Amino acid sequence: MSKIKIEFPDGTEKEFSIATTVKELAASISNSLAKKAVGAKFNGQVVGLNHQLITDGKIEILTKDEPAALPILWQTGAVVLGAVLQQLYPKMYFGESNVTEHGFFLDTDNREGQVAETDFEKLSQHFQKIVKQAVPLEEVEFDVQAALKLVGDDPYRKELINEQATANQKITAIKLGDYYDFSVKAVLGNTSALKVFKLLSVAGAYWKGASSNPMLQRIYGTAFFKQKDLDAELARQKEAHERDHRVIGNELDLFFVDPKVGAGLPYWMPKGATIRRTIERYIVDKEVADGYQHVYTPVLANLDLYKQSGHWDHYREDMFPPMDMGDGEMLELRPMNCPSHIQIYNHHIRSYRELPLRIAELGMMHRYEKSGALTGLSRVREMTLNDGHTFVALDQIESEFKKILQLMVSVYADFDITDYRFRLSYRDPANKRKYFDDDEMWERSQQMLKSAMDDLGLEYFEAEGEAAFYGPKLDVQTKTALGGEETLSTIQLDFLLPERFDLHYIGADGQEHRPVMIHRGIVSTMERFTAYLTEIYKGAFPTWLAPQQVAIIPVNNDLHLAYSQKLRDRLVGGHVRVQIDDRNEKMGYKIRQAQVNKIPYTLVVGDKEVAADQVTVRKYGEETTTTMSVTDFIKEVTEDIASYSRE
Ligand code: ATP
Ligand code: ZN
């Protein structure tokens with residue numbers, strides 16, 4: 001067979017000789033298309049410009065103006081980076097290269113010293129040279145032995161070759177000069193389009209993402225077709241960095257995570273703990289007022305509990321391994337609180353009069369998240385969930401669902417959360433094995449959630465494959481500073497666990513009936529919520545949440561400290577979190593420090609204030625000050641705290 005049949009998006013078909021490249025094919029249509037082309041989608045798969053077509057298929061040429069073009073540009077950038085590094089560090093080994101949402105990375109291991117960000121200028125000059133020379137990138141094929149020979153003693157590329165070898169007889173590589181990339185993704189025809197690029201950062205990354213593997217150096221970069229797009233991306237990154245809760249958490253001394261002590265196991269410093277305690281008190285009070293009964297249950301339970309619940313079958317890979325106590329007892333750290341609340345329900349015989357029965361807890365749980373996924377406080381391995389389980393009769397599902405949504409919306413208003421969207425999460429119809437097996441239950445409950453949302457007139461989108469193993473859910477998706485999306489709140493219907501634990505209540509008819517369970521989390525885990533709030537407030541917490549609400553700065557310790565102490569005591573009496581800055585520092589410095597620490601109110605106290613029982617107040621972020629009586633200030637700050645408002 002020397003000809004292949006290619007179908008174009010408009011349905012026309014044309015014959016080409018076998019091994020025609022994407023670029024040649026584009027040129028056969030028009031010169032201008034060949035110029036703009038960056039690759040193609042061939043039978044659904046994105047391929048590079050120099051990719052040879054050897055089978056019949058459908059093609060869609062991709063041009064610079066399409067979103068799919070950037071990943072091709074970025075992957076080319078990763079290959080150029082590899083070629084540069086190979087020139088400069090001949091002993092370097094190369095792991096995987098890939099694109100991210102915002103650029104590319106290449107994993108490296110240099111036996112003769114690490115690459116530092118201070119080397120980027122030198123690297124960029126070499127990069128630029130390769131771009132200017134418009135060096136072609138070829139897709140080349142080898143047999144396994146020839147490929148292995150090419151990479152010498154590089155253990156990572158050897159593994160990449162062997163992985164390809166198991167899937168395929170032939171090994172494909174992208175060749176740039178004498179550099180070979182075996183990650184093999186679509187790339188441009190030559191390096192000339194990479195004029196606007198930037199090397200960004202170096203970070204550690206485990207080979208293949210497994211913490212038992214060696215730690216490599218991951219070098220990040222990005223590139224665009226236009227300078228203005230790169231500028232916009234760099235501005236976005238700067239903003240993201242300024243909002244990043246890990247950066248702010250460090251600057252404001254809120255929390256830390258030390259992998260030496262335990263990856264994903266955060267330590268809350270006093271200021272972070274104050275924010276958390278404030279959130280916890282707020283949400284517990286709010287829920288108690290909404291009819292929830294708060295409980296405490298253990299983080300450990302017999303493994304049998306999680307066998308009965310189904311977690312052991314369906315959720316094991318996220319669970320810590322059980323502890324063998326040596327006497328036949330196996331204890332498990334709970335990954336969810338539901339089985340615990342079921343024990344509370346089942347401890348008494350329940351009557352229909354008690355329903356909806358709402359059990360809630362700030363429940364600590366442990367999940368063995370992958371080390372590569374751990375992120376500051378937003379994805380951790382030990383977490384405390386604002387958890388709640390409502391046990392309802394069948395005909396109460398909808399009204400309870402709406403009630404929970406109302407609670408959610410009211411809580412969001414108190415925290416000033418406005419940028420969120422609702423996601424209805426269904427099971428993945430193509431992978432039903434992952435889920436509890438009851439088609440009718442799934443259809444019925446997915447439909448029920450949908451109609452409740454429609455009734456309330458709330459907008460939502462639907463996502464298959466995002467359900468819990470026991471039922472569909474409504475998730476509230478919020479944006480993170482880094483541009484991703486994560487689940488904050490969730491409401492989940494569950495017909496399965498009541499079955500598994502044989503739950504019932506006595507109905508008005510004196511008979512036993514099966515309740516339905518609704519799992520819900522309003523403010524998520526304390527960890528993720530604190531991370532989220534830190535990012536949306538950029539560390540400037542509203543007064544009611546601020547770890548320190550008021551700073552008192554005496555102009556002169558000798559003259560004004562006694563008055564400041566009395567003032568502090570009056571504020572403490574009004575439940576205000578206040579500290580005196582009586583360090584031997586200049587006043588201007590102390591005022592700046594109060595701003596750096598984003599303290600909502602700074603009070604300066606001098607002769608005038610002492611004489612008139614007044615304070616001079618500067619609010620966070622404002623240049624002007626106001627002088628007022630102490631009584632008026634206490635009134636203002638306590639009203640501010642009570643209002644939950646950010647203003
Ligand atoms: P995700 O998809 O984010 O892993 P999930 O669907 O597994 O979450 P649930 O079992 O519904 O989560 O847990 C309830 C809530 O706990 C989630 O909505 C999320 O806000 C939060 N959460 C889940 N995993 C973590 C974690 N590792 N660290 C911090 N918070 C978490
Ligand atoms: Zn639950």
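Note that the structure is predicted; figures quoted are calculated from it, not measured. In each ligand, atom 1 is the first atom listed, and ligand 1 is the first ligand listed. Position 1 is the first residue of the sequence, and the numbers go up from there.
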Provide, to 0.1 Å, the distance between atom 1 (P) of ligand 1 and the closest protein heavy atom, together with that atom's residue and name.
R379 NH2, 3.6 Å
Top protein contact for atom 30 (N) of ligand 1, by heavy-atom distance
T525 OG1, 2.8 Å
Is the Zn ion (ligand 2) under 2.8 Å from any N, O or S atom of H341?
no
At what distance, to the nearest 0.5 angstrom, does OH of Y220 lie from CG of L200?
10.0 Å
Looking at H389, H519, R358, which one forms a side chain to side chain donor-acceptor pair (under 3.5 Å) with H341?
H389
Taking heavy atoms and a distance under 4.0 Å, where does [X] meet ligand 1: side chain, backbone, both or neither?
X	answer
E486	neither
D318	neither
S489	neither
R367	side chain

Can you tell me if [X] has a non-hydrogen atom under 4.0 Å from ligand 1?
X	result
E466	no
Q492	yes
G264	no

Counting each atom of ligand 1 from 1 as listed, which ones have a heavy atom of [X] under 4.0 Å away?
X	answer
L488	18 (O), 20 (O)
E369	24 (N), 26 (C), 27 (N)
T487	18 (O), 19 (C), 20 (O)

If you measure from [atom] to every heavy atom of [options], which option wins on shortest distance?
atom	options	answer
atom 6 (O) of ligand 1	K473, M383, R528	K473
atom 29 (C) of ligand 1	S524, S378, A468	S378
atom 14 (C) of ligand 1	L385, L374, L377	L385

Please find the N/O/S atom of H519 nearest to the Zn ion (ligand 2) and write down its name.
ND1
Would a line drawn from the ring center of Y505 to the ring center of Y352 be shorter than 6.0 Å?
no
Taking the ring centre of each residue, are F415 and Y282 less than 6.0 Å apart?
yes
Taking NZ, NE, NH1 and NH2 as the nitrogens, is one of them in D475 or R423 under 4.0 Å from a carboxylate oxygen of the other?
yes
Is R379 salt-bridged to E527, cutoff N-O under 4.0 Å?
no
Cation over ring, R500 on Y470, under 6.0 Å and within 45°?
no
Taking distance alone, with no angle check, do V380 and ligand 1 share an N/O pair under 3.5 Å?
yes
Mind running salt bridge (Lys or Arg N to Asp or Glu O under 4.0 Å) on R236 and E239 for me, showing each step along the way?
CA-CA 5 Å; R236 189 202 61 77; E239 169 76 11; over 6 Å; no
Does atom OH of Y267 have more than 12 heavy-atom neighbours from other groups under 6.0 Å away?
no
Is there side-chain contact between T487 and Q477, with at least one heavy-atom pair below 4.5 Å?
yes
One pair to check against side chain to side chain donor-acceptor pair (under 3.5 Å): Q549 and D640. What are the steps and the verdict?
CA-CA 10 Å; Q549 295 159 325; D640 183 5; over 6 Å; no
